[in-house]
Structures are given as structure tokens and as C-alpha cells.
4 protein chains.
Amino acid sequence: MPPKVYTSVDDEKLVEKRREQFVAAASELFGRNGFHTTTIKEIAQRAGVSAGLIYAYVKTKEDILFLVLQSVLEGYAREIPKALEGMTDPLQRFCTAVRTYCEVVAAKPDATLLAYRETKSLSSEQKAAIKDMELASNRLISDCIDACIRAGYFRPAKNLELLTYRIVLLAHGWALKAWRFREIVSLDEYIAEEIDMFLHAMMTDAGWNHFRGMPGRAVNTK
Amino acid sequence: MPPKVYTSVDDEKLVEKRREQFVAAASELFGRNGFHTTTIKEIAQRAGVSAGLIYAYVKTKEDILFLVLQSVLEGYAREIPKALEGMTDPLQRFCTAVRTYCEVVAAKPDATLLAYRETKSLSSEQKAAIKDMELASNRLISDCIDACIRAGYFRPAKNLELLTYRIVLLAHGWALKAWRFREIVSLDEYIAEEIDMFLHAMMTDAGWNHFRGMPGRAVNTK
Amino acid sequence: MPPKVYTSVDDEKLVEKRREQFVAAASELFGRNGFHTTTIKEIAQRAGVSAGLIYAYVKTKEDILFLVLQSVLEGYAREIPKALEGMTDPLQRFCTAVRTYCEVVAAKPDATLLAYRETKSLSSEQKAAIKDMELASNRLISDCIDACIRAGYFRPAKNLELLTYRIVLLAHGWALKAWRFREIVSLDEYIAEEIDMFLHAMMTDAGWNHFRGMPGRAVNTK
Amino acid sequence: MPPKVYTSVDDEKLVEKRREQFVAAASELFGRNGFHTTTIKEIAQRAGVSAGLIYAYVKTKEDILFLVLQSVLEGYAREIPKALEGMTDPLQRFCTAVRTYCEVVAAKPDATLLAYRETKSLSSEQKAAIKDMELASNRLISDCIDACIRAGYFRPAKNLELLTYRIVLLAHGWALKAWRFREIVSLDEYIAEEIDMFLHAMMTDAGWNHFRGMPGRAVNTK
DNA sequence: GATGAATGAGGTTTCATTCAT
DNA sequence: GATGAATGAAACCTCATTCAT
């Protein structure tokens, strides 16, 4: 489990409420201005509290960064399963997972970038925790892929994790190259194109047959 | 053309020599510790000069970052064409370009990351220059893809630039996820796997026929 | 009204208290060593606070200079009217104003010099404010002169402001040439001599008649 | 005699030539931007030489200031006697001396201000030398006053030096308050007014009689 | 629990001065 | 004699963090 961030406040409800406040403020500011450029005072001001108060809920500025990154990854871990809820068809689950991942990233592209940019500022313990969370959210994707393979829709993978990372980079790519993508494609087109590519690379004949019978498939590929 | 960085020194040879020194030192330090955490004194020390001297060749710390990023992108623009030199077969050129791109990234993964991490610290003029250089290096890839399409080896692309970015993210991916990839694949496997995926997604029957007749194809796919 | 100097502290009482502290310390040091030679740390040390604290009450070192100069000019604007309080005779008011001006200057000669020496370091807005304050304090003098003229004691002036400046330079002169004056005259002699000169230059017969009947005139002239 | 400024160059002619170059450049820059704000490089550039060369003719930056101030005072000592050359009438000599002093000051008001502003930066030896030169140039004025007194044109003075300083401050005043005077009087009006005041304060009946018979007196008073 | 004034370490940058060429 | 690259000390200013209220 993730390393606990120190707080001097006992009331757990309050701790959670305050931290959410700080994370919201800090996300915005870190995303816009970067971690080092953002000051504690700015975070405090935006959260509507005094600078001193932050240190009742957090030991260092790096802790705030950790909480922010944690909340980003928790977002993935929350939204993807929610979108898959009740879905049973492996191919549909896969496509939905990819789409949702992209959409979550696109909702706050700066937040995703943060993980690439500022992880270096964390303690090694925190860095490890973030990596664990990333691996956990990767599993949400790799499970979908695996199901497609076992259903015979995708050809067997030499290296499932590598395959998974292609999807991850596909989703993160929207944030990583946002400055350019926003000029040349819509998010929907992007998702459709990328899924199409992936399917062409992986689908078996059985997969295509199944696919052709799927409702709403037109959304994702022709 | 890129914005000139101010220098008070006239001797162009010397300017180039010194800046190379500084860029080498700064690349290493920025890569390891990040831009904000690295101090001018550290750069100076590692470059074996006094802190003051740096400011004879550069106006601000941000200028150093710009020079570093510039040198990274120049690396792409230098190495990829060099590797393609004398090659005529479109498919071979494509594969070589991808492979080389990955290898250049892998040679200094931190340098590639820098562009994602610290561009925010540049002046808007410098930011624009870096983006231009990235677009220029993308063209090295997109030209290869385009040649394969026109040769009938790849199916036509809806959006060539998007396709190009898949390759770019594939290459950068090695740096972006180095912490994990290094544990699960070798660079060669990575390149082979990724090219294989891409070919499966894009190749026409004509492409596969041509491919089977190629020497050394085993390097890239089965 | 003068441009407000930025502060991050809300408590106005505290701001005033701290600034007085800083102004006192800085006056002394600027006066003795000059503006550029004096460091923020020295000011802080002399004021008994940390260097950083100063920047909670002031945005730049130049702001401190501005506050110092402001306080000098406020001194004139405070002391001269106070000395004139309750006095009605124009000639007596004039002599008292001159004497008081000289005395205020003599109390802190370095402070008066500062205005001549370091105004160049101010922002143009601040420079303008200081000039305005000087013109305002000049008015204290010119009003006295004007009253003497209208009472028929002084002959009419071609250029009242020029006349006023003679008095101003007379008063400032004590500071400007302190290094020499201190060796050759006492402040009282200086004031008496200078007023005497001025009266000889300006007085009408009516003025002299009135003067001879004044009590305490011996203080100012024979 | 003034303290010699160190030089490593033997050729005296060259030393003089170079120093004149430096003084000209530095006067301008010190006058416009102040001593501390002006850099050696700026002086060198304006003098058309390398920064290093200055140190062959001068030991420190302060030495340059000393040379500049010295040249200002030498200007007084040169111009006033030149203007008096061949003049015999004491009153005319006095008026001419005052007028010339004002004109020299007005030709380079910044140079005069320099002495007030930056003397603090000199070594005590140099400071003393500058003071001596000022006293010497004062004598040019006090001699004129004294002659008028001995001729019976001026009433006897209690303190001749004080009287002299009134003239000095009158002349310097044009520089000290240039920012305002330039808006309200011409230099000629200023000189006329000030001399007029002085004469009214000092002249005897014999003086006035003599004065009325002087040619060109209208320039100075009515 | 909350505030915000106060601390002080440390970073970037400037610039007088030196010295090899 | 002249150059200008190089040095390095020191200045201003910022900001994470503490602590009395």
C-alpha cells in the first residue's frame, strides 16, 4: 500500500477534505506552471487557506506532489472499471477501456504529464508507490487484452506487458503531444484511428468475424 | 531558424567549443536531477569552468536548457539521415529509420525526457523553435512511411502525421517508460516487437511479398 | 499621492512599525555608505531582523530608498509647520521657517544629501513623487516669502520660486557643504548670517522699520 | 599636490592621452547613470578600447572617478581665470567670475553633480585632494569678493568664506536643481537674478555709484 | 485547528579585476 | 601596448518551512 503522508491532524474526515482541497489547487497549478515554479503560498491561496495550514496536513511540498499524482492514478483506477461495469464481451471491454483511458487523460492532460515531469522530485519510496499504481492501472488494460487473446480474437502475444504499454502510450500520447494533436485531430478521431491500428495489428480472423457482428463497432473502426 | 542565444564572446569557434562543454555538462545534470534542481554552479563545476564564465556564452539558465534540447533534436536530425544514407528500398528505409530513432533515444534516454519535462521553462520563442525542430525530425519518419505507401507496401493512411506520431511515441516510449522496459525487454526486442506490430497494422499483401524477399528481415519481424 | 510600496503583510500597524525600523536602519547606512554600497543584509542586521523579512514589506531595494527619501521630505513637511504654529507676524514666520528648515537639515545632514545622491536609482514614478514632495515643501517657504512681500516688508519678487530656491539651497547647503562648514561656522552663525544676507537683499524700508520693533530679532540679524 | 594615480605605462604622453579618453567616456556615463551603475566595460567600449587596457592606466574603478572629478575641478580652475584675463575692475571681475562659474557648471551639470554624489567612493586621500581643489577654486571667487570689499564696493564681510560659498552654491545650484530650473528660468535670467540678489545684499552706496557708471551692467542687474 | 509573520539557506546573475596571448 | 576570456566574490531576492498567537 502507498506510504502514508504525515499529518498532525487527527480528524480523518477533515484530513481527507483538506487534502482534496490542496490537491485540487495544486493539480491546477502544477499542471499549468510546473512543480518547482509553483509556490506553497500560491497553492494555499488557491485553496483558500493559509500557507501554514498546509503543513498540518503534509510534511513537505513533495508530499503534495505525491498526493496529486496519486489522485491522478486513482482516477484511472476508478474510471476504467466504472466504464466496463456490466460489459461482458471481451472486444467491447477492450475498446471501451482504451477509449475511457484516453478520455480520462484528455480531461486533464496536464495531470498526466505531471507524472512524466515531476516524479523525479519524489522520495524513492513515493516514486515506488506511484510506479506500483501505474502497474496496477496497466493491469486494467492487460486484462482486457488477455481476455481477447483467450477468446481467440487477438493473436497470442509474445509480451503482454509490452502490448499493454502500447495502449498506455497511446492514451498518454494524447497528453504528451497535446500541443500538436489538438491542431490535427479530434479526440474521437484519435481514439478511433488508434484502436483501428491496434486491431489491424492484433486481430485474428475469428476476431474480425466477431467484430463485424458487434453493435456500435462503427465507432471504433470501419 | 532557431533564435540565437546571446553571447559576449566573438570567437565563433570558441563559442561553439564552450557551449558544447556546457551542454554536455548540463545534459547530464538536467537529465539526472532535473532543470530546476540543477544549479549553475554545478554545471560550471562539471564543465570545469567558473560559474561566471557561463554567462559569457549564455544569457540565462533557460538558454542552457534551450541549447541542450536543441542538441538533442539535432541528434535525431543527424543520426537518422546518416543511417539511411545509400539505402533505397522504402521498407528497409522505414525499418532503419525507426530502429535508429529508437537507438538514438536509448543512447541518452534522459535527454529525450528533458524535452517532455522542461520545455515549460523556455521562452515562448524558444519553445516554438523546439517544436519546429521536432516537426522537422518527424518529417524524417513521415517521408519513410509515405514512400512505403506510395510503393504500395503500406495501405493508404487516413492521417499521415498521426501515423508518424505513433512511431515517434514508440521511439520516445523507450525513454518515457525506461524504468519499466529495462526490466522486461532488451532494446532489440523492443524495436523488433514494435516494428512487427506496426507492419501487421499497415502492410498490404504486396508489402508482405516484398518483405519476404528482403535480406535481414528477420531482424525486424518473424 | 505617492505611489504605494508593495507589501505582503496586511496588518497596517505592523507595516508602519516595520518600515520605520527599516527606514531608520537604512537612513543611517545609506547616509554613511551610500545606497549601492549598503547591502540588504546590513540593513536587516541593523534593524534586527532577517534579510528575508524586508521583502515582506518592500519589493525591491529601491523601494527602501524611496521610503527613506519620503521620510526625509515628510520631516520637512512636519517640522516647519509645527514651528510656525501660532505665529502670525510674516517676518517672524519667514525667519522661523528658514531657521527650522536649516535645523531639520542639520539634524540629519546625510539624509538630505541622499536626495541629491541617489534619486537616480528610483523608478520614474517614485522620482516624480519625490519631486512633488519637494515642491510641496518648497511651498512652505514660498508662502512665507509671499506673505512678507504682500505685507510690504520684502520688495516684490520677479520670480518667487527662484527666490524660494535660494532659501532651499541655503538650508540644503548646510548638508551639501557640511564637511567644510562644520570647520568654519556654527549652525547658529550660519543661519544668522544667511538670513541677514537674504534680508539685506530683500527688505524694504517698511520692512526694516517693522523689523527693528520685533522682539528677538537679534537672533537673526544685527 | 594630488595623489598620483598608478599606471604601468611609461610613455607620459600616452598616459595623458589615454586618460583623457577614459575620463571623457566615464564623465558621460557616470553623469548619466551614476558611478556604481556604470561598468568598466561600458567605459571601455565608449572609449573604444578593451576593458583590460583601462587597468594599465588606472588601478581601480575609483581611480577613474577621481580622474573625472579632478578634470571637473580643473575646468573651473581653468575657465574662470581665463574669463577674468585682462579685466581690472573689481566689480566687473566679480560679476564675470560668477557668470563664468555658472556657465561652466551649466555646460556639464552632471559633472558638477558627480562631486556631490560619488565622492564617497574615493579613498580618503583622494577625497582630501578633491576638497583641496574645491577650496582652491573657491579662492578664485573669494579673491574677487575680497577685492570688491577692499575697493569699498561691498560692505565688509563677517565671514568671507561663507560669502564665497553662497556664490559656489549659487553656481552649483544650477546643476543641483537643474530638473526644476530648466522649467522656470533660462540660465541668463538665473545668473542675472542671482547676481542682483547678491549685489543688493552686499553693495555699499559707493558700490552702487560705481556700478551705475559701468558699461554693460544692465546684463546683470537693473 | 488556523493564521501569517518570520527565518535563513541558497540560487542566479553581475562585474571589477587579472593574465595569457 | 593591447586584447578579451576567465575568475570568483558578493549582491539581491525567493520561498519552503516553522512557530507564537
Side-chain angles (χ1 to χ4, degrees), chain A residues 7-11 14-15 18 36-45 48-64, chain B residues 7-11 14-15 17-18 36-44 48-64, chain C residues 7-11 14-15 17-18 36-44 48-64, chain D residues 7-11 14-15 18 36-45 48-64:
Chain A
T7 174
S8 73
V9 176
D10 295 326
D11 182 345
L14 185 55
V15 170
R18 286 300 196 196
H36 286 97
T37 314
T38 300
T39 69
I40 290 282
K41 280 204 171 162
E42 285 170 335
I43 298 172
Q45 186 159 43
V49 300
S50 70
L53 188 61
I54 292 185
Y55 285 87
Y57 295 89
V58 125
K59 212 165 192 171
T60 67
K61 194 186 172 192
E62 281 70 27
D63 281 349
I64 304 178
Chain B
T7 174
S8 76
V9 176
D10 294 323
D11 182 345
L14 184 56
V15 170
K17 190 195 105 186
R18 286 299 195 197
H36 287 98
T37 315
T38 301
T39 70
I40 289 283
K41 285 201 168 161
E42 285 169 336
I43 298 173
V49 300
S50 68
L53 187 61
I54 292 186
Y55 285 90
Y57 296 88
V58 127
K59 213 168 194 164
T60 65
K61 194 186 172 192
E62 280 72 27
D63 281 347
I64 305 178
Chain C
T7 174
S8 76
V9 177
D10 294 322
D11 183 345
L14 184 56
V15 171
K17 190 194 106 186
R18 286 299 195 196
H36 287 97
T37 315
T38 301
T39 68
I40 290 282
K41 283 203 169 159
E42 284 170 338
I43 298 173
V49 300
S50 69
L53 187 61
I54 293 186
Y55 286 90
Y57 296 89
V58 126
K59 213 167 193 164
T60 65
K61 195 186 170 192
E62 280 71 28
D63 281 347
I64 304 179
Chain D
T7 174
S8 74
V9 177
D10 294 325
D11 182 345
L14 185 55
V15 170
R18 286 299 195 197
H36 286 97
T37 315
T38 300
T39 69
I40 290 282
K41 280 203 170 163
E42 284 169 337
I43 297 173
Q45 185 159 45
V49 299
S50 71
L53 187 60
I54 293 186
Y55 285 88
Y57 296 89
V58 124
K59 211 164 192 171
T60 67
K61 194 186 172 191
E62 280 70 27
D63 282 347
I64 305 179

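The sequence lines fix the lettering, A, B, ..., with proteins before strands; numbering per chain opens at 1. Quick caveat, the model's predicted, so the values are computed rather than measured. Values reported hereafter were calculated over all heavy atoms of this structure, with side chains retained and with hydrogens, waters and symmetry mates removed.
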Under the side-chain contact (heavy atoms from CB on, under 4.5 Å) test, residues paired with B/Thr37 that sit two or more places apart: A/His36, B/Asn33
Interatomic distance where NE2 belongs to B/His36 and P belongs to E/dG10 [whole Å]: 18 Å
All side-chain contact (heavy atoms from CB on, under 4.5 Å) counterparts of D/Ser50, not counting sequence neighbours: D/Leu53
Shortest non-hydrogen separation from B/Ile54 to B/Val49 and the atoms involved: CG1-CG2, 4.4 Å
Over all atoms of both residues, closest heavy-atom pair of D/Thr60 and D/Tyr55: CA-CE2, 4.3 Å
Residues touching DNA chain F, which here means a heavy atom under 4.0 Å, drawn from residues 48-60 of chain C: C/Gly52, C/Tyr55, C/Thr60
Base-pair map of DNA chain E as dot-bracket, where | denotes pairing with a different strand and pairs are Watson-Crick or G-U under 3.5 Å: .||||||||||||||||||||
Residue mapping more 5' on DNA chain F - nearest nucleotide basis, C/Thr39 or B/Val9: B/Val9
Any donor-acceptor pair under 3.5 Å from D/Thr7 side chain to D/Ala56 backbone: yes
Beyond-backbone contact of A/Asp63 with A/Tyr57, side-chain heavy atoms, under 4.5 angstrom: no
Span of DNA chain F in contact with chain D (heavy atoms, under 4.0 Å): F/dG1 to F/dG4
Sugar-phosphate only, base, or nothing, as touched by B/Thr37 at under 4.0 Å among non-hydrogen atoms: nothing
Sugar-phosphate only, base, or nothing, as touched by B/Thr7 at under 4.0 Å among non-hydrogen atoms: nothing
5′-ward residue of the pair B/Leu14/B/Lys41 relative to DNA chain F: B/Leu14
Residues that A/Glu42 engages under side-chain contact (heavy atoms from CB on, under 4.5 Å), provided they are two or more places apart: A/Leu29, A/Thr38, A/Thr39
